[in-house]
Amino acid sequence: MDNVTEIRLVADIGGTNIRIAQATKDNQLTHVSTYKCADFAELSDVLKLYIAEQEIAVKALHACLAIACPTDEDWISMTNLPWAFSQTALKAELGLQSLYLINDYKAIAMSVPFLNDEQKCHIRGPQQGRANSTISICGPGTGLGVATLTPVTMQGNHFWHCINSEGGHIDFAPVDELDLIIFNYLDSRKPRISYEQLLSGYGLEQIYSAIVDYQNTIEGSHAAVNKTSLSAAEISHNAITVNCGLCRLALQQFCKVLGSFAGNLALLNSSFGGVYIAGGIVPRFIEFLKQGDFGERFIAKGRLSHIAEQTPVFVITEPQPGLLGAAVFLNQEIN
C-alpha cells in the first residue's frame, strides 16, 4: 500500500485466532487478516508479519488490541495462550506512537452503539433504544460476560464509557417450577449457583442433565431416559432440527432464564438504550428465542415491568464485534 502518515491498527486476539485490521477515523475496517495463534511464538511476531505484509511505512502507528485476559497491568500473561509480554516493551518494539490493550468483552461492548441493522437482530420491545441512554450487554458463551455502556459528555465531546463487571456470577434465582428443579439438581453438586452455571455452553448442558435426571427420578430406573451426555451444540441442534423433546425443553428453559437475567439488567442499569445479547451461542437459534418465552420472562418484573417493556432487546449478529469495538475505543482515545 502507499505510504501514509498515520495508521490505526486493531486486533482481536482469541485463544485460537488473531484477527488484525486497519481502522478508519469513522470506525470502518479495512485490510482484515486472520492468523493462527499457534503459528507464532510471540504476539509481536504476528503483528510484525501483518505490518510487513501490508507494507506499512508510517510516521504514526497507533494500535488497540482486544485480548482475552486482564489488561490492568503492564505485564500481560494470556489465559489461553503461552504468550506473555510487557505492554511498554511491545509498544517500543513495534515503534508505536500509542498502544492500548483492552479486554475482549470490553471491545464487544464498545461496538454496540455503532452496529447497523444488518449487524444486529431485534428481539422485542421498541425498534430502537433511546438516544444517549445506558446500554447493557450480556453474552452467554464459554462463560457469561456482562458489561455496561454509559454515554459521557466532556468539553463538548460525546463518547462511551464501558464499565466491566462480573455480573454473570451473581446468584441464580429460580422463577418457575423447572427453574427450581434445575436449582435443586445443581445445589446437590455445586457449592454455589450463579447465572453463569446456566447461561453458558456448559450451563445449557447442565440444564439438559438436570431435566434428564428429574425425568429418570419420576419414571424409575427401569424406564430411565438415555443418559448420554450431549454438548451444548448438540442440544441446540437437536432442539431445533430433531424431534428431541428433552433438548427442546432444555433450550426453552435456557431462553427463559436468559430472559429473566436480561430483564434484571434492564432494571439494574435503566438500560433504555437497549439490552444486547452477544456471544457465540444465541445467534444459532434467534428465531427459537423470538418464538419462546424469553420476552415474557424479560418483562415479568412486577411493579417495574414498565421499565423492561420500554427496553429494546437485540442479538448481535456482526461476526467481528471485537475488531469494530477496538476501532471505536482507539478512535475515542486518539480523538
Side-chain angles (χ1 to χ4, degrees), residues 14-17 19 34 68 80 104-105 108 118-124 137-145 168 172 176 178-179 181-183 185-186 189-190 193-219 223-262 275-298 313-322:
T16 303
N17 297 315
R19 297 172 179 85
T34 301
N80 298 315
D104 60 335
Y105 203 78
I108 292 172
E118 284 69 47
Q119 295 168 306
K120 62 186 179 182
C121 181
H122 178 260
I123 301 300
R124 65 148 314 278
I137 302 96
C138 63
T142 303
L144 176 60
F172 167 64
D176 63 15
L178 187 49
D179 277 352
I181 289 170
I182 296 166
F183 177 89
Y185 173 85
L186 295 176
R189 293 162 172 80
K190 305 286 183 179
I193 307 168
S194 68
Y195 271 98
E196 186 176 86
Q197 292 288 334
L198 288 82
L199 298 179
S200 59
Y202 177 59
L204 178 56
E205 294 166 7
Q206 293 199 116
I207 290 173
Y208 175 79
S209 295
I211 292 172
V212 169
D213 181 80
Y214 182 72
Q215 197 78 10
N216 289 339
T217 300
I218 292 176
E219 297 184 5
V225 177
N226 189 344
K227 293 185 178 182
T228 302
S229 297
L230 296 178
S231 68
E234 289 171 329
I235 294 167
S236 58
H237 172 78
N238 291 350
I240 298 169
T241 63
V242 180
N243 187 22
C244 177
L246 291 179
C247 290
R248 187 172 184 84
L249 183 59
L251 192 60
Q252 287 173 338
Q253 203 64 20
F254 177 95
C255 293
K256 287 182 181 180
V257 176
L258 179 58
S260 293
F261 182 77
V275 173
Y276 284 74
I277 301 172
I281 295 178
V282 178
R284 300 173 185 170
F285 48 83
I286 290 177
E287 289 305 315
F288 188 94
L289 183 75
K290 286 183 178 181
Q291 296 166 10
D293 294 327
F294 169 90
E296 181 179 331
R297 288 276 286 256
F298 183 88
V313 179
F314 302 89
V315 171
I316 297 173
T317 56
E318 161 58 38
Q320 302 293 347

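Values reported hereafter were calculated over all heavy atoms of this structure, with side chains retained and with hydrogens, waters and symmetry mates removed. Small disclaimer: the values here were computed from a predicted structure and weren't measured.
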Engineer: Return the CZ to CZ distance between Phe183 and Phe172, rounded to the nearest 0.5 Å.
Structural biologist: 8.0 Å
Engineer: Is a side-chain donor or acceptor of Thr317 paired with a backbone partner of Lys120 at a separation under 3.5 angstrom?
Structural biologist: yes
Engineer: Could you please spell out the steps behind the side chain to side chain contact (heavy atoms under 4.5 Å, CB included) verdict for Phe294 and Val313?
Structural biologist: CA-CA 10 Å; Phe294 169 90; Val313 179; 3.8 Å; yes
Engineer: Counting distance only, does the side-chain N/O of Glu196 pair as donor-acceptor with the main-chain N or O of Gly143 below 3.5 Å?
Structural biologist: no
Engineer: Does CZ in Phe288 sit with more than 12 non-hydrogen atoms of other residues, nucleotides or ligands closer than 6.0 Å?
Structural biologist: yes
Engineer: With under 30° as parallel and over 60° as perpendicular, where do the rings of Phe314 and His122 fit, or are they tilted in between?
Structural biologist: perpendicular
Engineer: For Phe261 versus Cys138, what's the shortest heavy-atom pair and its separation?
Structural biologist: CE2-CB, 3.9 Å
Engineer: Atom CD1 of Ile181 and atom CD1 of Ile218: how far apart are they, to the nearest 0.5 Å?
Structural biologist: 6.5 Å
Engineer: What's the verdict on side chain to side chain contact (heavy atoms under 4.5 Å, CB included) for Arg189 and Gln206, showing C-alpha distance, side-chain angles and the deciding distance?
Structural biologist: CA-CA 11 Å; Arg189 293 162 172 80; Gln206 293 199 116; over 6 Å; no
Engineer: Quick check: closest heavy atoms across Gly139 and Tyr105, and the distance to 0.1 Å?
Structural biologist: N-OH, 2.8 Å
Engineer: Could you state the interatomic distance from CG (Asp104) to CD1 (Ile108), rounded to the nearest 0.5 Å?
Structural biologist: 6.0 Å
Engineer: Rounded to the nearest 0.5 Å, how far apart are CZ of Arg124 and NZ of Lys290?
Structural biologist: 13.0 Å
Engineer: Just by modelled atom types, is the Ala232 backbone N or O under 3.5 Å from a matching donor or acceptor in the Glu205 side chain?
Structural biologist: yes
Engineer: What's the spacing between Leu178 CG and Tyr214 OH if we round to 0.5 Å?
Structural biologist: 9.0 Å
Engineer: Got a second to check how far Cys121's SG is from Tyr276's OH, nearest 0.5 Å?
Structural biologist: 11.5 Å
Engineer: Compare every heavy atom of Leu258 with every heavy atom of Leu199, then report the nearest pair and how far apart it is.
Structural biologist: CD2-N, 3.6 Å
Engineer: For the side-chain contact (heavy atoms from CB on, under 4.5 Å) test, which of Val282, Ile286, Ile316 pairs with Ile277?
Structural biologist: Val282
Engineer: Under 3.5 Å, side-chain donor or acceptor atoms of residues 237-257 against the rest of the protein: list the pairs with distances, not counting sequence neighbours.
Structural biologist:
unit_1	atom_1	unit_2	atom_2	d
His237	ND1	Thr241	OG1	3.4
His237	NE2	Thr241	OG1	3.1
Asn238	ND2	Glu234	O	3.3
Thr241	OG1	His237	O	2.7
Arg248	NH1	Ala239	O	3.2
Gln253	NE2	Asp176	OD1	3.0
Gln253	NE2	Asp176	OD2	3.2
Gln253	NE2	Asp179	OD1	2.8

Engineer: Can you give me the closest heavy-atom contact between Val315 and Pro283, atom names plus distance?
Structural biologist: CG1-CG, 4.0 Å
